[in-house]
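This report refers to the structure that appears directly beneath it.
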Number of protein chains: 2
Amino acid sequence: MPKNKVVSLNKLKVACKNCGLAKLCLPLGLDSGDIDQLDAIVQRNRPLHRGGHVFQTGDKFRSLYVVKTGTIKTYTQCPNGSEQVVGFHLPGEVVGLDGIECDKHLCSAKALETTAVCEVPFGRLEELTSSIPGLQHQLFRLMSREITKETGLMVLLGKSTAEERLAAFLLSLSVRFHNRGFSPVEFNLSMSRQEIGSYLGLALETVSRLFTHFQEESILLVDRKHIKILDMDQLYNLLSNQTTCLDRLQAPN
Amino acid sequence: MPKNKVVSLNKLKVACKNCGLAKLCLPLGLDSGDIDQLDAIVQRNRPLHRGGHVFQTGDKFRSLYVVKTGTIKTYTQCPNGSEQVVGFHLPGEVVGLDGIECDKHLCSAKALETTAVCEVPFGRLEELTSSIPGLQHQLFRLMSREITKETGLMVLLGKSTAEERLAAFLLSLSVRFHNRGFSPVEFNLSMSRQEIGSYLGLALETVSRLFTHFQEESILLVDRKHIKILDMDQLYNLLSNQTTCLDRLQAPN
DNA sequence: GTCGAGTATTGATCTGGATCAGTTTTAGCG
DNA sequence: CGCTAAAACTGATCCAGATCAATACTCGAC
């Protein structure tokens, strides 16, 4: 923890109370004074470049990380070298919860584009719960939501078609962008077809074909990584039998 | 019946400190006095019969439940009526964590056989963290483990063959039984082929065929719900490319 | 600008496991 | 005990999506 990055820190130091993400993030439901206390332990390091790691499998667990801008993907490496994406994390979403159990990270987290994260040392966060009523419950809620989201994805992977999986993925992104103040119908994917496929348990060719197919059906307009949803209803209808996991994937955070 | 009831209730009132599961359960890492405090809030209701519900989707969230004896399955109901199993829970394992987020349960939990559970009112559990150092961290660890386990299952569902899935499932059970003092090589399945299939994202026919196949390969001896693992090494080898999720599924709890 | 490497698209083929269908076994019950 | 319904097994067929293969596009480096 060097203390000589005064200049870059100033540029990055958006206090939690001034941060547009506060309603989605850890401070949710805390009052102004409490947020100041939380703010005091948050470390704001310089942004990561595309490909930079927040942490890697096996690293000692010290902190949770909240995405401020950009996108983080979490993934595990299989023995044969191939990687499996386990999550995409947008601004306001927390990364690193899997590290609490064994005190070391069980997956790796890397930036898909230039990305800024807020580092929250977990030991100090745990201490803060004694002086901030509600913070403990907020953390339990956050972890419960993570469990819910993963359950939703399990259900999706267990019994849905490729079409349903991609539709659910796009709708999840749509809702999450919307919650963050961006357009729910037009956005850029920061991940490759390969990464989408890995996350959804599909081959990259299948993902590519589905984009083409959705475009032919006038559900989407696809230009490389730029997506425009033309017919939201039709996209929802593809999931009519999957409302359970859809609800879960659309959880507010 | 009335006479028996008293006796059986007395028999059920095993204090946490005398419970054989304490090393796997919430009291893990707490000292004797702390366990007494925890014990004081735990409710031990009469056992559930096969098919009885611990809670159902939409119920208000009040408590976590720890399986004492028997097995609980958690599942969600799809709009079309079919159900999707999301977990099987053995003695010492906690059920209900998904309810914290929205203050209501998002899945249902029912007994697969006669099953006793310890009910832990969550509000009181949260209060207890202020007087029991370490309990908060233990709860965070517990939830982190849940996230880890679900991630492991996601990976399994995303990219593994039917054979690998069933092998991983059996090995997971084996380890969990072993941790609970039972034989790791011989046990009874409390769930149907249908339920195993639902959990693993397979058709019940596929599960049935795989049991036959494993038996032909002298990996297993299968007699209806009774399983004997004849060749543990071969079962492991089926997962050679899947060590990541194997580790996760074998998490101590 | 050209080059080259990564990424995406599209087509052709193959296959694991779903689905359908029929049979057998088991468990529950009057 | 036999009757019934659910669960399990087994065989035959089919198809969604993987895999293999070839081509096209994008973008940064020089």
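In the text below, chain A, chain B and the rest are named by the order of the sequence lines, each starting its count at 1. Only a predicted model underlies this, so the values are computations on that prediction, with no experimental measurement involved.
One can place CG of B:Leu200 at 12 Å from P of C:dG17, the figure rounded to the nearest angstrom. In this structure, A:Leu189 places its CG atom 16 Å from P of D:dT26, rounding to the nearest Å. Taking atom CG of residue B:Leu157 and atom P of nucleotide C:dG16, one finds them 19 Å apart after rounding to whole Å. The distance between atom CE of A:Met191 and atom C1' of C:dG6, rounded to the nearest whole Å, is 18 Å. As a whole-Å value, the separation of A:Arg165 CZ from D:dA16 C1' is 11 Å. Look at CD1 on A:Ile196: it is 14 Å from C1' on C:dT9, rounded to the nearest Å.
A:Ala203 comes within 4.0 angstrom of a base, heavy atoms only. Nucleic acid contact class of B:Gly201 (heavy atoms, under 4.0 Å, all strands): sugar-phosphate only. Contact annotation for B:Leu204: no contact, since no heavy-atom pair falls under 4.0 Å across all strands.
At a non-hydrogen distance threshold of 4.0 Å, A:Thr206, A:Arg209, A:Arg224 from residues 206-231 of chain A come into contact with DNA chain D.
Closest to the side chain of A:Arg193, from the set D:dG17, C:dT9, D:dA8, is C:dT9. Candidate nucleotides D:dT19, C:dC20, D:dC9 were compared by shortest atom distance to the side chain of B:Glu205, and C:dC20 ranks first.
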For this session: Begin from the C-alpha positions of A:Lys110 and A:Glu83 and carry the test salt bridge (charged side-chain N to carboxylate O under 4.0 Å, His left out) through to its verdict.
Result: CA-CA 12 Å; A:Lys110 71 156 69 165; A:Glu83 72 173 41; 5.3 Å; no

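Under 3.5 Å, the side chains of B:His89 and B:Thr74 contain a donor-acceptor pair of N or O atoms.
Remark: the backbone N or O of A:Thr114 is not paired with any side-chain donor or acceptor of A:Arg50 at under 3.5 angstrom.
Between B:Lys104 atom NZ and B:Gln56 atom CD the span is 14.5 Å, to the nearest 0.5 Å. How far CD1 of B:Ile229 is from OG of B:Ser174: 4.5 Å, rounded to the nearest 0.5 Å.
Among the candidates A:Glu164, A:Arg165, A:Glu195, the single residue satisfying the side-chain contact (heavy atoms from CB on, under 4.5 Å) test with A:Leu200 is A:Arg165. Screening B:Thr151, B:Leu157, B:Val155 for a side-chain contact (heavy atoms from CB on, under 4.5 Å) with B:Leu153, the sole residue that qualifies is B:Leu157.
The residue among A:Glu163 and B:Arg50 whose nearest nucleotide of DNA chain D is located toward the 5' end is B:Arg50.
Under the 6.0 Å cut-off for aromatic ring centres, A:Phe187 and A:Phe182 do not qualify, their centroids lying 6.0 Å or more apart.
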List the atom pairs, donor and acceptor, that lie under 3.5 Å between side-chain atoms in residues 202-212 of chain B and the rest of the protein, sequence neighbours left out.
{"residue": "B:Thr212", "atom": "OG1", "partner": "B:Ser208", "partner atom": "O", "Å": "3.1"}

Listing time: all N or O pairs from protein to nucleotides 28-30 of chain C that are below 3.5 Å?
none

